[in-house]
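The structure appears right after this line, and notes come after that.
Bear in mind the structure is a predicted one, so any value in this text is a computation, not a measurement. In what follows, chains carry the letters A, B, and so on, assigned in the order in which the sequence lines appear, proteins first and then strands, with residues in each chain numbered from 1.
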Amino acid sequence: MTATVLPVQRDLSGLFRAALERAVSSGALALDPAAIPDPALERPRLPEHGDWATNVALVLAKAAKAPPRAVAEAMVAHLELPDWVAGVEVAGPGFVNVRLDQMWFAALVRRVLAAGESFGTIDLGHGERVNVEFISANPTGPLHVGNARLAPMGDALANLLTATGHKVEREYYFNDAGSQIEQLGASVEAAYLGLLGRPAEAPADGYKGAYVADAAGELQAEQGDALADLDPDERRARITDWAFRRMLAGIRETLARLGVEFDVWFSERTLHDTGAIAETVDELRARGVVEDRDGAVWLRTTQFGDDKDRPLIRSNGAPTYFGADAAYYRDKRRRGFDRLIFLWGADHHGYVPRMRAVVRAFGDPDDVAEFHISQLVSLVRAGQPAKMSKRAGDIATVDDLLDEVGKDAFRYTMLRFSLDAPIEFDVEAVTRQSLDNPVYYVQYAHARIASVLRQGTGTGFSPLPVDEADLGLLTHPMEAALLRRLAAFEEQVLTAAGQRAPHRLTRYAEDLAAAFHRFYGECRVLTDDHALSSARWWLVNSTKRVLANTLALIGVDAPERM
RNA sequence: GCCUCCGUAGCUCAGCGGAUAGAGCACCGGCCUCCGGAGCCGGGGGCGUGGGUUCGAGUCCCGCCGGGGGCACCA
């Protein structure tokens with residue numbers, strides 16, 4: 001349910017509440033005045049049902065011991081309508097539909113143009129500090145599409161939270177301490193020695209992708225054979241460190257191409273090096289939720305809803321990955337965040353209960369941390385499944401995809417679907433059908449408006465100033481439909497932010513673009529009628545603005561030409 | 001076996017407990033003397049299944065069926 005937070009919703013809700021109170025005090029309704037709720041305002045699905053509707057009569061029918069329609073009639077009879085409401089009507093089983101006056105839409109257009117880039121922002125968060133952690137793929141190879149699905153998603157979510165009044169930081173957590181990194185080092189080392197014609201055996205479960213050979217080639221170009229004759233331990237350590245940095249830099253380059261920038265790159269190793277893990281264990285021990293068993297240190301996560309306890313420290317004294325994650329959680333909280341959002345891939349699914357347990361083990365309320373799991377992206381080439389394992393060799397990297405489809409199509413395609421829906425990304429299809437991709441449909445609407453505006457300016461059209469133009473002329477059905485779509489933007493931002501569902505924005509963008517294209521087919525902007533053309537000029541200007549703001553939230557360009 | 005996500009049009013997916021369930025693709029048929037045809041208009045077709053909650057269920061709860069993912073002192 002959409003929270004009643006928009007000014008227009010609050011105003012209408014207040015009107016209906018006042019009407020109910022008057023109906024009760026006049027005896028028209030038999031209700032306890034204290035039982036009158038704040039009427040909820042929602043969008044009717046059908047345009048014929050007006051701009052807003054309240055179901056309050058259906059909700060109150062039982063308490064009022066009257067049929068819903070009778071409650072609605074009594075309420076409406078006691079309504080005092082402001083001039084910006086054109087009318088209300090009781091409909092269906094007892095809904096009260098509200099039709100806004102044309103002057104409300106005229107004010108909307110002026111509000112869009114006055115607010116500009118900030119149209120659609122609304123302060124719900126009151127500066128709440130939110131950390132959004134996403135991707136966090138281990139730097140053992142290039143980013144692949146599975147991980148990269150979360151790049152536009154996390155970035156757009158961060159944009160949405162910023163737009164709704166939160167103070168947001170984007171964070172990437174990378175594992176630079178584990179055996180996977182050592183495997184990477186060993187793999188690159190073997191490839192490097194191989195290039196030099198030295199005997200070298202690639203680790204059996206090492207990484208085999210072409211990028212390993214590429215990295216080895218770069219290393220050779222950089223260092224020649226200088227590393228070959230080092231002490232094996234030092235050579236391994238130096239190559240591992242070099243390879244890890246190389247991979248991390250590659251990931252950052254890829255993310256830069258995607259238009260994603262992180263505020264914080266967090267190294268797992270620092271948790272080990274600074275003693276944070278040991279401190280975390282101590283703190284949890286002090287809270288009485290840790291137990292020593294079989295030489296290992298366990299967090300009693302079962303006490304907090306997990307199905308089995310989890311070790312923080314192995315019996316050999318080394319921290320587990322989970323131990324590091326507990327320390328990482330503690331670190332984020334100590335940095336002062338009010339809320340932590342984790343966007344994880346499907347493979348981390350089983351990890352959620354134990355991390356929830358960590359939240360509770362620290363005595364934090366559940367809603368401090370949100371864990372969102374994205375379903376898989378399966379990559380398909382010409383109908384054939386493509387392997388995505390970094391170890392398997394045949395990987396399709398995000399860079400490859402970006403070369404083929406570009407940043408905007410990539411981001412938009414990944415953002416069109418709910419996190420809960422698996423995506424089948426057919427490279428062939430996205431490439432071949434790129435002209436039919438919805439992203440172009442939306443961008444085309446923006447470019448088309450820009451073209452109209454250029455045309456007008458180029459031919460010397462000079463609209464009346466927006467405050468003088470008669471926006472009441474915008475009464476054509478296509479104009480009315482377009483105004484309705486514009487009016488929906490703010491609630492779309494609220495809903496998308498509140499539900500952590502950026503994909504709603506792409507659907508909205510398509511609706512808005514469609515409303516514009518239909519308008520465009522029926523209504524000429526530049527005509528001999530100066531008053532009408534002026535009104536339409538500001539209408540398409542505000543449409544362009546809202547399209548641009550929507551695309552900005554999802555990180556897609558709004559082109560003037562294409 | 002346990003946990004979890006999903007099941008809506010031929011395909012890919014939207015759908016905030018509300019009224020007559022939508023879009024794109026595909027298919028068929030129309031629309032450029034006029035601001036960009038990357039567009040517009042029309043057509044056919046759908047909520048896996050059985051209960052429950054509710055004034056009202058595609059939406060919430062339980063079962064069943066079907067599919068994806070996850071189950072480590074791995075990372």
Side-chain angles (χ1 to χ4, degrees), chain A residues 1-3 42-46 48-49 53 55 57-59 61-62 67-68 91-95 97 138 140 175 177-183 268 293-298 306-308 310-316 318-324 345-353 373-376 378 416-424 426 429 433-438 440-445 447-456 458-459 461 491-492 494-495 498-499 501 503-504 506-507 510-511 513-514 516-518 520-527 533 536 540 561-562:
Chain A
M1 181 166 60
T2 305
E42 54 194 31
R43 288 283 186 185
R45 186 151 29 203
L46 300 175
E48 306 90 87
H49 293 154
N55 63 353
L58 292 105
V59 174
K62 186 176 278 185
F95 293 101
N97 295 331
N138 287 350
T140 52
N175 300 112
S179 62
Q180 290 193 8
I181 291 294
E182 289 165 18
Q183 286 294 337
E268 180 196 354
R293 196 195 308 158
D294 306 330
V297 182
W298 300 72
D306 198 7
D307 57 357
K308 60 185 85 161
R310 310 289 173 174
L312 295 162
I313 307 290
R314 281 180 276 237
S315 49
N316 68 7
T320 60
Y321 191 85
F322 176 60
D347 57 335
H348 276 63
H349 198 116
Y351 226 71
V352 174
I373 302 298
S374 94
Q375 296 303 305
L376 297 182
S378 54
R416 270 197 97 210
F417 309 108
S418 155
L419 270 188
D420 289 337
I423 296 180
E424 187 171 283
D426 190 325
Q433 299 173 359
S434 63
L435 295 187
D436 297 320
N437 191 312
Y440 296 103
Y441 179 82
V442 174
Q443 290 183 316
Y444 180 62
R448 213 176 191 189
I449 295 173
S451 172
V452 172
L453 298 179
R454 278 193 302 272
Q455 178 84 12
T459 58
F461 175 74
E491 70 208 69
Q492 291 296 329
L494 291 177
T495 304
Q499 297 184 352
H503 71 279
R504 285 178 159 275
T506 59
R507 306 290 173 159
E510 288 159 38
D511 285 348
F516 169 73
H517 286 307
R518 282 195 284 267
Y520 184 87
E522 301 260 339
C523 304
R524 252 190 96 84
V525 175
L526 304 169
T527 70
S533 287
R536 288 180 174 168
V540 299
R561 290 185 164 85
M562 22 190 324

Practice task
Measure from the side-chain heavy atoms of A:Pro44 and tell me the nearest of B:rG70, B:rG68, B:rA19.
Solution key: B:rA19
Problem - Distance-only donor-acceptor test (3.5 Å): side chain A:Asn97, base B:rA19 - result: yes
Completion exercise
A:Gln492 atom CD is separated from B:rG15 atom P, nearest whole Å, by 10 Å
Exercise for the section: Using a heavy-atom cut-off of under 4.0 Å over every strand shown, decide if A:Ser418 touches base, sugar-phosphate, or nothing. Expected result: sugar-phosphate
Problem - Minimum heavy-atom distance A:Ala61-A:Pro67, with the two atoms named - result: CB-C, 4.3 Å
Practice task
Would you check if A:Pro93 and A:Leu58 make a side-chain contact, meaning some heavy-atom pair closer than 4.5 Å?
Solution key: yes
Exercise for the section: Could you tell me whether A:Asp306 contacts a base, only the sugar-phosphate backbone, or nothing, with contacts defined as non-hydrogen atoms closer than 4.0 Å? Expected result: nothing
Exercise for the section: Determine the contact category for A:Ser179: base if any of its heavy atoms lies under 4.0 Å from a base atom, sugar-phosphate if only primed atoms, P, OP1 or OP2 are that close, otherwise nothing. Expected result: sugar-phosphate
Practice task
Measure from CD on A:Glu424 to P on B:rC25 and round the result to the nearest Å.
Solution key: 18 Å
Exercise for the section: Tell me what A:Arg524 touches on the nucleic acid: a base, only sugar-phosphate, or nothing, going by heavy atoms under 4.0 Å. Expected result: base
Exercise for the section: Would you please determine if the base of B:rA19 is stacked by A:Phe95, with stacking meaning a centroid separation under 5.5 angstrom and planes under 30 degrees? Expected result: yes
Handout entry: Distance in angstrom units between A:Leu419 CG and B:rU4 C1', rounded
Key = 14 Å
Handout entry: Any strand: nucleotide that pairs with B:rC2 via Watson-Crick or wobble, under 3.5 Å
Key = B:rG70
Completion exercise
Residues A:Gln180 and A:Thr140: closest non-hydrogen pair is O-CG2, 3.7 Å
Completion exercise
Of B:rA38, B:rA75, B:rC73, the nucleotide closest to the side chain of A:Asn138 is B:rA75
Exercise for the section: Could you give the distance separating B:rG24 and B:rA57 at their C1' atoms, to the nearest angstrom? Expected result: 27 Å
Handout entry: OP1 or OP2 of B:rA19 under 4.0 Å from side-chain N/O of A:Arg43
Key = no
Handout entry: Residue-phosphate contact under 4.0 Å: A:Arg518 side-chain N/O, B:rC40 OP1/OP2
Key = no
Exercise for the section: Indicate, with a heavy-atom threshold strictly under 4.0 Å, whether A:Phe322 touches base, sugar-phosphate, or nothing. Expected result: nothing
Exercise for the section: Assign A:Pro68 to base, sugar-phosphate, or nothing according to its heavy-atom contacts below 4.0 angstrom with the strands shown. Expected result: nothing
Practice task
Would you mind classifying the nucleic acid contact of A:Gly521 as base, sugar-phosphate or nothing, using non-hydrogen atoms under 4.0 angstrom?
Solution key: nothing
Practice task
Considering non-hydrogen atoms only, spot the tightest contact between A:Lys308 and A:Arg310 and give its length.
Solution key: O-NE, 3.3 Å
Exercise for the section: Give a yes/no answer on whether the side chain of A:Tyr441 brings an N or O atom under 4.0 Å of OP1 or OP2 in B:rC40. Expected result: yes
Exercise for the section: To the nearest 0.5 angstrom, please state how far the CG atom of A:Asp420 sits from the NE2 atom of A:His503. Expected result: 8.5 Å
Practice task
Name the nucleic acid region contacted by A:Asp420, choosing base, sugar-phosphate or nothing; use a 4.0 angstrom heavy-atom cut-off, strictly under.
Solution key: sugar-phosphate
Exercise for the section: State the syn/anti category of B:rC34 according to its glycosidic angle, syn meaning within 90° of 0. Expected result: anti
Problem - First encountered from the 5' end of RNA chain B, between A:Tyr520 and A:Ala296 - result: A:Tyr520
Problem - Whole-Å gap separating P (B:rG15) and CZ (A:Phe417) - result: 12 Å
Problem - Residue whose nearest RNA chain B nucleotide is more 5′ - A:Asp307 or A:Glu268 - result: A:Asp307
Exercise for the section: Between B:rA38, B:rA14, B:rC73, spot the one nearest the side chain of A:Arg507, thanks. Expected result: B:rA14
Problem - Whole-Å C1' distance, B:rC11 and B:rA26 - result: 7 Å
Practice task
Specify the separation, in whole Å, of atom CD1 of A:Ile423 and atom C1' of B:rG24.
Solution key: 15 Å
Exercise for the section: Would you name the heavy atoms of A:Ala513 and A:Ala445 that are closest together and state the gap between them? Expected result: CB-CB, 3.8 Å
Problem - Ring centroids of A:His349 and B:rG69 base under 5.5 Å with planes under 30° - result: no
Practice task
Determine the Euclidean distance between corresponding P atoms of B:rC34 and B:rA38; express it in Å to zero decimal places.
Solution key: 14 Å
Fill in the blank from the handout: So CG of A:Asp511 and CD of A:Gln492: to nearest 0.5 Å the spacing works out to 7.5 Å
Practice task
Look at A:Lys62 and B:rU54 and indicate whether a side-chain polar atom (N or O) is within less than 4.0 Å of OP1 or OP2.
Solution key: no
Exercise for the section: Answer with base, sugar-phosphate or nothing: what part of the nucleic acid does A:Asp294 contact at a heavy-atom distance below 4.0 Å? Expected result: base
Practice task
Report yes if a donor N or O on one partner sits less than 3.5 Å from an acceptor N or O on the other, where the partners are the side chain of A:Thr320 and the base of B:rC73; otherwise report no.
Solution key: no
Problem - Identified pairing partner of B:rC40, criterion: Watson-Crick or G-U wobble below 3.5 Å - result: B:rG30
Problem - Pair of N/O donor and acceptor under 3.5 Å linking B:rG70 base with A:Asp347 side chain - result: no
Handout entry: Candidates B:rC35, B:rA75, B:rA19 - which lies nearest the side chain of A:Ala91
Key = B:rA19
Exercise for the section: Kindly say if A:Arg293 contacts the phosphate of B:rC73, meaning a side-chain N or O under 4.0 Å from OP1 or OP2. Expected result: no
Practice task
Could you tell me whether A:Ala421 contacts a base, only the sugar-phosphate backbone, or nothing, with contacts defined as non-hydrogen atoms closer than 4.0 Å?
Solution key: sugar-phosphate
Problem - Under 3.5 Å on both distances, the Watson-Crick or G-U partner of B:rC60 - result: B:rG52
Practice task
Check every strand shown and say whether A:His517 touches a base, only sugar-phosphate, or nothing at a heavy-atom separation below 4.0 Å.
Solution key: sugar-phosphate
Fill in the blank from the handout: Of the listed B:rG36, B:rG69, B:rA19, the closest approach to the A:Ala53 side chain comes from B:rA19
Handout entry: Mate of B:rC25 where both pairing distances stay under 3.5 Å, Watson-Crick or G-U
Key = B:rG10
Practice task
Please tell me which of the listed nucleotides, B:rC35, B:rC5, B:rG36, lies nearest to the side chain of A:Ala447?
Solution key: B:rG36
Exercise for the section: Name the nucleic acid region contacted by A:Gln375, choosing base, sugar-phosphate or nothing; use a 4.0 angstrom heavy-atom cut-off, strictly under. Expected result: base
Completion exercise
Closest heavy-atom pair, A:Ile449 versus A:Val540, reported as atoms and distance to 0.1 Å, is CG2-O, 3.5 Å
Exercise for the section: Identify whether any heavy atom of A:Leu376 sits under 4.0 Å from a base atom; if not, whether one sits that close to sugar-phosphate; answer base, sugar-phosphate or nothing. Expected result: sugar-phosphate
Problem - A:Arg314 vs B:rC74: side-chain N/O to OP1/OP2 distance below 4.0 Å - result: yes
Problem - Nearest-neighbour nucleotide for the A:Glu510 side chain, B:rC73, B:rA23, B:rA21 considered - result: B:rA23
Practice task
On the 0 to 90° scale, with breaks at 30° and 60°, tag the A:Tyr444-A:His517 ring pair as parallel, tilted or perpendicular.
Solution key: parallel
